[in-house]
J.: 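My structure is below; once you've seen it, I'll send some questions.
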Amino acid sequence: MLDIERLTKKFGDVVAVNAVSFRVPTGQMLGIIGRSGAGKSTLLRLINRLTDPTTGRILCDDWHGRGIDVSTLRGRELRRWRAHCAMVFQQFNLVPRLNVITNVLMGRLSYHSTLRTLLAMFPQRDRALTIRALQRLDMVSHALQRADALSGGQQQRVAIARALVQEPKILLADEPIASLDLLNATIVMEALRRINKEDVITVICNLHLLQTAKDYCDRIIGMKAGAVVFDGLPSQLTDSIAREIYGSGQEGDEELALAFSATSAPPSQAPVTRTGTGQ
Amino acid sequence: MSIGQNTLAAPAGSADALSRFEAQYAIHRRNIAISTTLFWTAFAACLVVSGITAKFDVLTLIHGLPRTTEFIVKMIPPIKLETFVDDIAEWYWGIGKWMNSLLNTLLMAYLATVLGTIIGGGLSFLAARNLAPSYAVFWITRRVLEIARTVPDIVWALLFVLAFGIGPMPGVLAITMHTLGAQGKLFAEVNENISPLPSDGVRSAGGNWLQEIRFGVLPQVLPNFMSYTFWRIELNVRSATIVGFVGAGGIGHDLFTSIQLLYFADAGAILLIVISTIMAIDMLSEKYRHRLIGKDTLGR
């Protein structure tokens, strides 16, 4: 259970996230939708604590199963928390000049002494974890390639592998398919859902496209101007509510049209080729 | 003549636009003329003031110019074609000693480059706005680097000679000081230009500051660090020669004593050795640096 309580983040006078509260039961796949600038990214960064909240609390069970207030963590505990709730980004955030396996091993950093990791000496078990994760995402054959030699879809799969070896209980995905083409988007969304179901990892996913959220998520939260304006099942999300979330006016209409555009194929008909390279 | 009227009518409309443009253009031209005049006036004024302060006198220059060639001529002994080999051997009588000194100088430069680069490289992460753990650390590190590099290395050398006595060690320390200041500043600027995405990735996975630097930042900046370091080796061979003047040994010491004792031919021979060494290092490092940079851009 992840419990967000009146979480607020201000950048100067701008309120990016405004008193957001919701609970996520373990193993749920939650989609967060809203137009750009609604505070979706900031919310995920707050949960991972890449950004510090102005006020509010994040309550969760930690790696020992104890209840903790995430918003007060510091130092080593904070880094353990970040590993505990892995993050996947729109721009993948891999290290371009390092090879795939080293990039994935980054997910093990918080488990070892600094000296050991600085010399890039990771134990055998970590390499085994890494290979298993890459195998699940069908990326083993690229293990020794440099990250910048891969296509966008492949890079995102490496990023998901990095998240997996963190052995997280929560996975935060910030617009994971916004920079990908249709086929790669489907592969990545399928992978996230499979991880969610097989490993019982809570997935919180920011999405721009309404249809993707409806296709893959158990529950959808709509954000507007930093606040939650919808929280319910995908089936409860009607067109009029979507219009409310994406706002009115010309800019809003354009965002709405974009969000409604069915660029994402329904998962049932999705041509998922796990053996393909996605290029 | 309806066609003629039409062709006349069109320019009539554009003539109006043209005259309006001409008026605007005249204003534009006048503004440029004013700012250009102001700039060159200020430029000339600065030139005159600095010339007067530096006591730069054209007459003295014309009068003294032949004497510089006089000095150069004195540095080259008479060399005849029939006794060419003997003459050169005579000129370079001290070649063994000088090469030994040159080796000392090169080792001084090398050691100082390595030490300065390691220390300056480490400090550069604290001196980068985007990576410094706090503003105070950033500010203090920047000031330390400034002091290390604005004090001329010859002054550092004098200071260390007084402290540790004559020899190569104060020379190495002096060049190390300057190198760490310069490298720290240059590297810090490289650090500030990195993409924040990879280090965000490392941080989000639970990496601490050192791990973020090692895996998120270092792979991005290393080619630039290398390139600057090769350039620094060239500069430090020059510096290592100069600090020899104030007692840090090496080829600079030989050059200084020969000038002091008015052995101009010796000074000429040594100068030639130094110049060709620096040229050789220049060419080699240039080649390597271009390869490094070229490879980097190809990799993208």
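The figures here come from the full heavy-atom set of this structure, side chains too, leaving out hydrogens, waters and symmetry mates. Within every chain, numbering begins at 1; the chains are lettered A, B, ... in the order of the sequence lines, protein sequences first and strands thereafter.
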J.: Test side chain to side chain donor-acceptor pair (under 3.5 Å) on B/Ser204 and A/Asn93 and set out the steps.
T.: CA-CA 10 Å; B/Ser204 79; A/Asn93 293 19; over 6 Å; no
J.: Is there any residue in residues 42-54 of chain A with a non-hydrogen atom under 4.5 Å from a non-hydrogen atom of chain B, and which ones are they?
T.: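 So far as heavy atoms go, A/Arg45, A/Asn48, A/Leu50 are the residues that approach chain B to under 4.5 Å.
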J.: When rounded to the nearest 0.5 angstrom, what is the spacing between CZ in B/Phe215 and OG1 in A/Thr102?
T.: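 So the gap between those two atoms works out to 7.5 Å.
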J.: Between atom CZ of B/Arg214 and atom CE of A/Met106, what is the distance when rounded to the nearest 0.5 Å?
T.: 7.5 Å
J.: Would you say CD of A/Glu198 has more than 12 non-hydrogen atoms from neighbouring residues, nucleotides or ligands within 6.0 angstrom?
T.: yes
J.: Could you have a look at B/Leu210, B/Asp200, B/Val217, B/Leu222 and say which one has the most heavy-atom pairs with chain A under 4.5 angstrom?
T.: B/Asp200
J.: Of all the residues in residues 119-129 of chain B, which have a heavy atom that comes within less than 4.5 Å of a heavy atom in chain A?
T.: none
J.: For B/Tyr110, I'd like to know if atom OH has over 12 heavy atoms of other residues, nucleotides or ligands within 6.0 Å.
T.: no
J.: Tell me whether the count of non-hydrogen atoms from other residues, nucleotides or ligands lying under 6.0 Å of OH in B/Tyr228 goes above 12.
T.: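 Counting neighbours around OH of B/Tyr228, 12 or fewer heavy atoms of other residues, nucleotides or ligands fall under 6.0 Å, so no.
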J.: Does any heavy atom of chain B fall under 4.5 Å from the side chain of A/Leu94, the backbone, both, or neither of them?
T.: backbone
J.: Does atom CH2 of B/Trp139 have more than 12 heavy-atom neighbours, drawn from other residues, nucleotides or ligands, at distances under 6.0 Å?
T.: no
J.: Please tell me if the side chains of A/Gln91 and B/Ser195 come closer than 4.5 Å, counting only heavy atoms from C-beta onward.
T.: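 Not touching, per the 4.5 Å side-chain cut-off.
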J.: Can you name the nearest heavy-atom pair linking B/Gly206 to A/Ser110, along with the distance?
T.: O-CB, 3.2 Å
J.: Hey, could you give me the CD/OG distance between B/Gln211 and A/Ser113, rounded to the nearest 0.5 Å?
T.: 8.5 Å
J.: Of all heavy-atom pairs between A/Arg82 and B/Arg203, which one has the smallest distance, and what is that distance?
T.: CD-O, 3.2 Å
J.: Output the option from B/Ala205, B/Gly201, B/Pro196 having the highest count of non-hydrogen pairs under 4.5 Å with chain A.
T.: B/Ala205
J.: Does atom CE of B/Met279 have more than 12 heavy-atom neighbours from other groups under 6.0 Å away?
T.: no
J.: At a 4.5 Å cut-off on heavy atoms, which part of A/Arg162 comes close to chain B: side chain, backbone, both, or neither?
T.: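 Just its side chain gets close to chain B.
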J.: If you draw a 6.0 Å radius around CZ in A/Arg116, do more than 12 non-hydrogen atoms from other residues or ligands fall strictly inside?
T.: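 Atom CZ in A/Arg116 is packed in, count exceeds 12.
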J.: Rounded to the nearest 0.5 Å, how far apart are CG of A/Leu118 and CD1 of B/Ile213?
T.: 10.5 Å
